Trainee: 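Here's a structure for you.
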Amino acid sequence: MSDSSEPIFVSHAGPDRQWAEWVAWHLLEAGYEVELGLWHWRTGDDFVKKMTEALERCSAVLALLSPAYFAPGRYTEEEWTAVVARRDRFIPVVIEPMQEGDLPAVLAPRLSKELHDLDEADALAALLEAVCGPAVPAAKPDFPGKPKGKTKSRKRKAPAGPQPRFPSGTSDPEVWDLRQRRRNQHFTGRDVVIEEVRRKLLAERQAAVQALNGTGGIGKTQIALEYAYRFAGQYDLVWWVDAEQAEQVPARYAELAARVGVGKPDAGVEVNARYAMEYLRTHDRWLMVLDNAEDPQQLRTWLPEGPGHVLITARNPAWGKVVPRLELGVFSREESLDYLTAQLPTLSPGDADALAGALGDLPLALAQAAGVMGEGMPPEQYLRVLQTHTSKLLDRGEVYDYPASLAATVTIASDRLDADHPEATAVLRLAAFLGPERIPTAWLVAGRPGLTTVPQDQDDFLWPQSALNPLARYGLAVVGPDAFQVHRLTQAVVRDRTGDEATGAVQDDATTLLTALDPGDPELPETWPGWTSLASHLMATLYFTSDRAELRPTLLRAAVYLVRSAQPQVARGLAISLHEVWAASLGEDDPDTLRAAHMVTWALDGMWAHEEVLPLVQDLLERRRRVLGEDDPDTLSSVHDLTVTMGHLGKHAESQAMREEVLARRREMLGDDHPDTLHSAHGRAVALSEVGRLAEAHPALTDVLERRRRVLGNDHPDTLRTAQSIGIAQSRLGRHEQAHNTLSDVLERRRRVLGNDHPDTLISADFLATALYHLGRLSEAERLSKSTRLRVRETLGADHPMYQKLTYNLITTLKAQGKNHEVQKLTRKRRH
């Protein structure tokens, strides 16, 4: 027997939203407090947090069971498993027939109510019986008057609008015209988007309007179509208007007037269209879809008023000035994989992921790819052809649910753009030869004076928005307040349609633009956001920029950024590409070729591949000595790198003489406080510590730290590196409390400057855990070691040497606490 004050959380799968609305509505009518995410959670809310709070607040979970409820990967599994595990009140209600084996074993013994195949009255009675329990009370009923000393609990409100209709057995709308658009049987994903659309439409009391906005091929029309079919039972009238040609819209409204019986044959199109508008104003339960409504200025007068719903699909983001707008993005990777594997069941997970990545998760492109491969083209061949004949391939693959191929969609839009806004076409071409990542608008402002393919208009004070806004309006780019982005496949089609002569000019402009950008010193973390944007575009354009002399310094600095920001694999790929191109065009011993080889060794050092680094550094040093001389800064840098590599390999004594020599040369040539000199001074002091000469090492490190703080600042990565070395030396000297304080400060600063997952931060956490161990604070050391080890596994992998080192240190800490069972488990894992 249940109390109607019992808070109930309604748990459901995305496709069962109509059932969820119907159930929640009637529970509220019965006096229950109800929480339904569809009604009560806002856009941008943390879903996991909201669900956790709801499960904690509600004393019962009513689960609407269907095959979709138990589909793999759905969040509903987290809901019911959490409730069952806590033995909270779990009320299963079956809304669709379940096959044997559909129901998880843990739920099979529980009694459930079946609502499917019942009429509405019987289903409501079954629902309330499931929630309320037996109809006869087991105890004396409470006094119906207001109890003293109790406060009334806050009730959740149902959304505005008419009562939801019973989903089971609901007939189609009386007026139904989707212009011969059949339901897309291959529709996949987008549950979150459809739920958001439904929530927003239900939130309004009068005509609720929602614009679905996005670039071509994103699936706007398909989402509107699926919404219409999925919620058809909640409407008496569903009417589809092809609104791309604004002058044709009144005719569709006039047709609607005739269908609902308010039209007059002799009144004319405009008058009958107004009759239809008046009909909608005075009736409820209707859905109007204005598809491809690109001109809000002309079409806003055709937005009906009244207690119904309007869905607008458009590329033009200007609708956001008129009605609420929902910006659509590409598929999530999970949605892409679900779609591809549903269409191509034999496709391997690896091939599916590669295809999704190459197609940028664009729904129309995925649909076309599935069509082409469904005709027999293997995925590896498709990927190969996609790189060499992009436009032709994107014009293939029949997709019944889309009116035009992706190539045709882009071509039509870009032709219209060129006719109306040639300056915007110039920007689109420029963007097509950059990377597919976001392009800051500040780049266009800074680089415009040097661009030859972009029209110059000194009186255009709105530049670059005057050129970017048309790109958004024609669905060729996503334009924000400070950046814009062109999808990789749109770029490919635009590139293919650019002639050879124009291509050379645009590539020159792209090089000019990239050369003009300078995010700052790549050694400094505060410059990394700027380098993140620039590096992605540099690597995407290597096929035509790697041999441009003016861009070589920027490319090398990008490699430095990648190493310092803990992306050594990416840095290695970039450096190897540069070295190969420059060796072929400039020669093996050209200074820039050698600088590229230098960055290869830095990247390998960041990957802890020290054995592989050693012969490369030795070869590089020999070449630089021969080409540049003993005292050239690049040569001395290679000497320093060789001593660092030897130190990593445990050859501290062998490298000591070289460290002393390079430090002396750098002091003589650069001075005591030059950053390169301080690198060598730090390396020499660390080597002293490693060979046991701690009495010399500690004051030497202290001197370097003071100089680095003065020259570079307290939070510079090099300063923190020296501070950490001091903490390690203090620990080796037995000054464990001092070591703990020093290493705690370093860890706190590195977390703030570099982030929690940077390798330097994780190394600091490991050393601090060791300091805690020496202080006898074993439980703290264990917690820190475990959390650090988990982060290393997630970011670097279980095969990384740092993970193995942390595992060894954790075993030592566990042994000291007598936790032999955990030690055995870790030891077994290490063996395997």
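Because the structure is a prediction, the values reported are computed rather than measured. The basis for the numbers below is simple: all heavy atoms, side chains too, and nothing from hydrogens, waters or symmetry mates.
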Trainee: So does Glu661 pair up with Arg665, basic N to acidic O under 4.0 Å?
Mentor: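 Salt bridge present between Glu661 and Arg665.
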Trainee: Do Asp634 and Leu594 have side-chain heavy atoms sitting under 4.5 Å apart?
Mentor: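 When only atoms from C-beta onward are counted, Leu594 and Asp634 do not touch, as no gap falls below 4.5 Å.
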Trainee: I'd like to know if the side chain of Arg666 and the backbone of Asp676 have a donor-acceptor N/O pair within less than 3.5 Å.
Mentor: yes
Trainee: Distance only, no hydrogens: is a donor on one side chain within 3.5 Å (strictly under) of an acceptor on the other, for His682 and Thr722?
Mentor: yes
Trainee: Looking at Arg623, I'd like to know if its CZ atom is crowded, meaning that more than 12 non-hydrogen atoms belonging to other residues, nucleotides or ligands lie closer than 6.0 Å.
Mentor: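 Yes, because the 6.0 Å sphere around CZ of Arg623 holds more than 12 heavy atoms from other groups.
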Trainee: Using only heavy-atom distances, determine whether the side chains of Tyr561 and Gln567 contain a donor-acceptor pair under 3.5 Å.
Mentor: yes
Trainee: Could you check whether Gln656 and Arg684, counting side-chain N and O atoms only, form a donor-acceptor pair closer than 3.5 Å?
Mentor: no
Trainee: I'd like to know whether the aromatic ring centres of His537 and Trp443 sit less than 6.0 Å apart in this structure.
Mentor: yes
Trainee: Can the positive tip of Arg564 be found less than 6.0 Å from the middle of the six-membered ring of Trp528, inside 45° of the ring normal?
Mentor: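 That pair does not qualify as a cation-pi contact.
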Trainee: Decide whether Thr511 and Asp508 meet the rule of one side-chain donor and one side-chain acceptor closer than 3.5 Å.
Mentor: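 Thr511 vs Asp508: no donor-acceptor pair found between side chains.
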Trainee: Tell me whether Thr593 contacts the main-chain N or O of Gly587 through its side chain, where contact means a donor paired with an acceptor under 3.5 Å.
Mentor: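 Yes, because the side chain of Thr593 sits within donor-acceptor range (under 3.5 Å) of the backbone of Gly587.
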Trainee: Strictly by modelled atom types, are Asp547 and Trp582 linked by a side-chain donor-acceptor pair under 3.5 Å?
Mentor: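 Checked: Asp547/Trp582 side chains show no N/O donor-acceptor pair below 3.5 Å.
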Trainee: Can a salt bridge be assigned to the pair Arg624 and Asp589 using a cut-off of 4.0 Å between side-chain N and carboxylate O?
Mentor: no
Trainee: Any side-chain donor-acceptor pair under 3.5 Å between Thr452 and Asp509?
Mentor: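 Per modelled atom types, Thr452 and Asp509 side chains form a pair under 3.5 Å.
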Trainee: Go through the side-chain N and O atoms of Arg659 and His640 and say whether any donor and acceptor fall under 3.5 Å apart.
Mentor: no
Trainee: So, His648 and Asp605: side-chain donor and acceptor under 3.5 Å apart, yes or no?
Mentor: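 Side-chain D/A pair, His648 to Asp605: present.
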Trainee: Determine whether the side chains of Asp482 and Thr441 contain a donor N or O and an acceptor N or O closer than 3.5 Å.
Mentor: no
Trainee: When you check the gap from the basic side-chain N to the acidic O, do Arg667 and Asp673 get nearer than 4.0 Å?
Mentor: no
Trainee: Indicate the atoms forming the closest heavy-atom contact of Gly447 with Leu513, along with that distance.
Mentor: CA-CD1, 3.8 Å
Trainee: Run the salt bridge (charged side-chain N to carboxylate O under 4.0 Å, His left out) test against Glu335 and tell me which residues pass, sequence neighbours left out.
Mentor: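 Scan of Glu335 (salt bridge (charged side-chain N to carboxylate O under 4.0 Å, His left out), adjacent residues dropped) gives none.
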Trainee: So, applying side chain to side chain contact (heavy atoms under 4.5 Å, CB included) with Ser391, which one of Val493, Leu406, Thr411 is it?
Mentor: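 The side chain to side chain contact (heavy atoms under 4.5 Å, CB included) with Ser391 is passed solely by Val493 among Val493, Leu406, Thr411.
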Trainee: For the residue pair Leu444 and Leu468, what are the closest heavy atoms and their distance?
Mentor: CD1-CD2, 4.3 Å
Trainee: Going by atom types alone, do Arg497 and Ser414 pair a side-chain donor with an acceptor below 3.5 Å?
Mentor: yes
Trainee: Taking atom types as modelled, find out whether Ser764 and Gln724 have a side-chain donor-acceptor pair closer than 3.5 angstrom.
Mentor: yes
Trainee: Indicate yes or no for a side-chain donor-acceptor contact from Asp619 to the backbone of Pro615 under 3.5 Å, with no hydrogens or angles considered.
Mentor: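 Here the side-chain-to-backbone pair does not exist.
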Trainee: Give a yes or no on whether the backbone of Thr498 and the side-chain of Thr503 come within a donor-acceptor separation of less than 3.5 Å.
Mentor: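 Between the backbone of Thr498 and the side chain of Thr503 there is a qualifying donor-acceptor contact (under 3.5 Å).
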